[in-house]
Amino acid sequence: MKHFINLKDIPSKDLRKIILDAKKRKKQRKKLNTLEPDKGSPLKGKMLVQMFEKASSRTRISFYLAIKQLGGGTLTLRSNELHLGQGGETIADTAKILSTYGDGFMLRTDDDKKIEDFKKHLTIPIINGLSPSSHPTQVLSDIFTVEEIKKKPISKLKICWIGDSNNVLDSLIAASVKFSFRLSIGCPKKFVPGKQVKDWVKKNKKKIFIYHDPKKAALDADVIFSDKVISLNDKVNKKKKIQQFQKFKIKKEIFNYTKKNCIFLHCLPRGDEVQEDVFLGKNSHVWQQALNRVHVQKSILLYCFGKLR
Ligand code: CP
Ligand code: NVA
């Protein structure tokens, strides 16, 4: 059994194995309908419990499809429906119950410590479905999408992020170390990645490149990533923050600075950070990106259940 909490803590060779498995499985099920299981139903009879303390469309639906396509099933809960969410039960007791009824637990939470506390008390794997510090299932799936479109290892590509220093970027930074790719970040001075993340990169003898001019960050890029300026439950002055990011809004002109076939990716939901004609334009692959969550999460589930081929 393995947990999937933060890309930083997962060996590179395991992350690569997950991507390879996803590639094989995606190819093999081309002719199958959405809910038909993969050959051999490797997670037959297994149940994934997913709990959301914050809203979700893609993570929730893609995990439902992922476990279904492996032959298992899922139960989706909102935390406020549980005794735990209403303050009437401890994490330890809830974890014991989840481990009794279920085989895996996916949690989207506002509190990284909660994931660690659950991990301590669960006897089943836990998957981080987005926390303040990371969104690992999203970013691993994004690596898969980049390599699928570019048809080369991500280590040979220049990746650029324009936007807020948030959970998705923190996972992308972790991925840049694990997969050895060049990552340039375009963000306002006030919104650079946190010291802890930067120290971790240094400790691993790697570098990230931070610019306060989006054009400089995008120079020669093969991929531009972005995300909302205001994340879920972000407790900031929203109007002020959006204004501070005005210069970083992604417009068509940015592709004058990138490589010719530069692609645009965005995890969704989207906000004001990208113009409609970019989001829906020819460089954008956001729908393929969303679909790939299913394929990669299947291999993440297999990894957690100790069933990766
Ligand atoms: N990208 C992503 O995680 O989307 P949801 O918030 O809809 O799950
Ligand atoms: N950074 C965003 C990602 C949403 C999938 C958030 O945390 O809300």
Side-chain angles (χ1 to χ4, degrees), residues 4-7 22 48-67 74 76-79 105-115 126-146 161-175 183 185-188 191-194 197 223-238 241-242 244-245 248-250 263-274 279 284-298 300-301:
F4 194 89
I5 298 176
N6 196 321
L7 298 183
L48 175 74
V49 180
Q50 348 183 37
M51 186 166 94
F52 291 89
E53 293 185 339
K54 297 160 113 173
S56 167
S57 306
R58 283 144 290 272
T59 306
R60 167 185 186 140
I61 301 170
S62 57
F63 263 107
Y64 171 84
L65 291 176
I67 187 100
T74 184
T76 302
L77 306 166
R78 290 285 310 186
S79 57
F105 181 46
M106 198 231 66
L107 177 63
R108 170 169 288 196
T109 178
D110 247 343
D111 182 0
D112 283 291
K113 186 172 175 299
K114 200 175 266 181
I115 299 185
I126 181 164
I127 297 172
N128 178 357
L130 183 148
S131 71
S133 79
S134 88
H135 196 1
T137 63
Q138 173 74 55
V139 168
L140 190 59
S141 167
D142 293 348
I143 306 297
F144 176 93
T145 302
V146 168
W161 171 278
I162 298 177
D164 193 19
S165 292
N166 61 17
N167 43 8
V168 180
L169 176 60
D170 281 359
S171 286
L172 192 63
I173 292 173
L183 177 62
I185 297 162
C187 62
F191 295 92
V192 293
V197 182
V223 183
I224 294 183
F225 277 98
S226 191
D227 185 14
K228 277 178 90 133
V229 169
I230 309 292
S231 280
L232 285 164
N233 302 5
D234 219 350
K235 290 174 192 67
V236 288
N237 179 332
K238 296 186 180 147
K241 192 169 175 192
I242 288 172
Q244 287 165 312
F245 274 87
F248 295 83
K249 183 165 182 153
I250 298 172
I263 61 169
F264 174 74
L265 295 177
H266 189 301
C267 63
L268 285 126
R270 64 173 148 145
D272 203 38
E273 66 286 345
V274 52
F279 191 83
S284 173
H285 291 263
V286 294
W287 311 123
Q288 179 177 351
Q289 177 187 9
L291 173 68
N292 280 337
R293 301 278 309 271
V294 178
H295 297 293
V296 174
Q297 281 158 198
K298 284 165 69 180
I300 291 172
L301 285 166

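We count ligands from 1, going down the list as the structure has it; atoms in each ligand are counted the same way.
- At least one heavy atom of L268 sits less than 4.0 Å from an atom of ligand 2.
- At a cut-off of 3.5 Å, with distance as the only test, no side-chain donor of D170 or S133 sits close to an acceptor on the other residue.
- Considering backbone and side-chain N/O of L232, none are found under 3.5 Å from N/O of ligand 1.
- Looking only at atom types and distance, the side chain of S226 has no donor-acceptor partner in the side chain of E273 under 3.5 Å away.
- Nearest protein neighbour of atom 7 (O) of ligand 2, counting heavy atoms only, is N167 ND2, 2.8 Å.
- Interface of S56 with ligand 1, defined as ligand atoms under 4.0 Å from a residue heavy atom, comprises 5 (P), 6 (O), 7 (O), 8 (O).
- The part of L268 lying near ligand 1 is the backbone, judged by heavy-atom distances below 4.0 Å.
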**Item:** Full working for ring pair (Phe, Tyr, Trp, His ring centres under 6.0 Å) between F279 and H266
**Value:** CA-CA 8 Å; F279 191 83; H266 189 301; 5.8 Å; yes
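- Considering backbone and side-chain N/O atoms, R60 never comes within less than 3.5 Å of an N/O atom of ligand 1.
- The aromatic ring centroids of F248 and F191 lie 6.0 Å or more from each other.
- Closest to atom 6 (O) of ligand 1, if we only count protein heavy atoms, is R108 NH1, 2.8 Å.
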**Request:** Any chance you could lay out the salt bridge (Lys or Arg N to Asp or Glu O under 4.0 Å) test for K249 and D272, step after step, and finish with the verdict?
**Result:** CA-CA 7 Å; K249 183 165 182 153; D272 203 38; 3.3 Å; yes
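- One option in S171, S231, G129 has a heavy atom closer to atom 2 (C) of ligand 2 than any other, and that option is S231.
- Heavy-atom neighbours of Y64 OH from other residues, nucleotides or ligands within 6.0 Å: at or below the threshold of 12.
- Against a heavy-atom cut-off of under 4.0 Å, C267 is close to the following atoms of ligand 1: 1 (N).
- Of the candidates K54, H135, R58, the one placing a heavy atom closest to atom 3 (O) of ligand 1 is H135.
- Of the protein's heavy atoms, S57 N, 2.6 Å lies nearest to atom 7 (O) of ligand 1.
- Residue K54 has no N or O atom closer than 3.5 Å to an N or O atom of ligand 2.
- When D227, L232, V229, N233 are ranked by how near their heavy atoms come to atom 1 (N) of ligand 2, first place goes to D227.
- Comparing I230, L130, D110 against atom 4 (C) of ligand 2, the shortest heavy-atom distance belongs to L130.
- Considering backbone and side-chain atoms alike, R108 places every N or O at 3.5 Å or more from each N or O of ligand 2.
- Those atoms of ligand 1 with a heavy atom of R293 less than 4.0 angstrom away are 1 (N), 2 (C), 3 (O).
- Around atom CZ of R60, no more than 12 heavy atoms belonging to other residues, nucleotides or ligands sit under 6.0 Å away.
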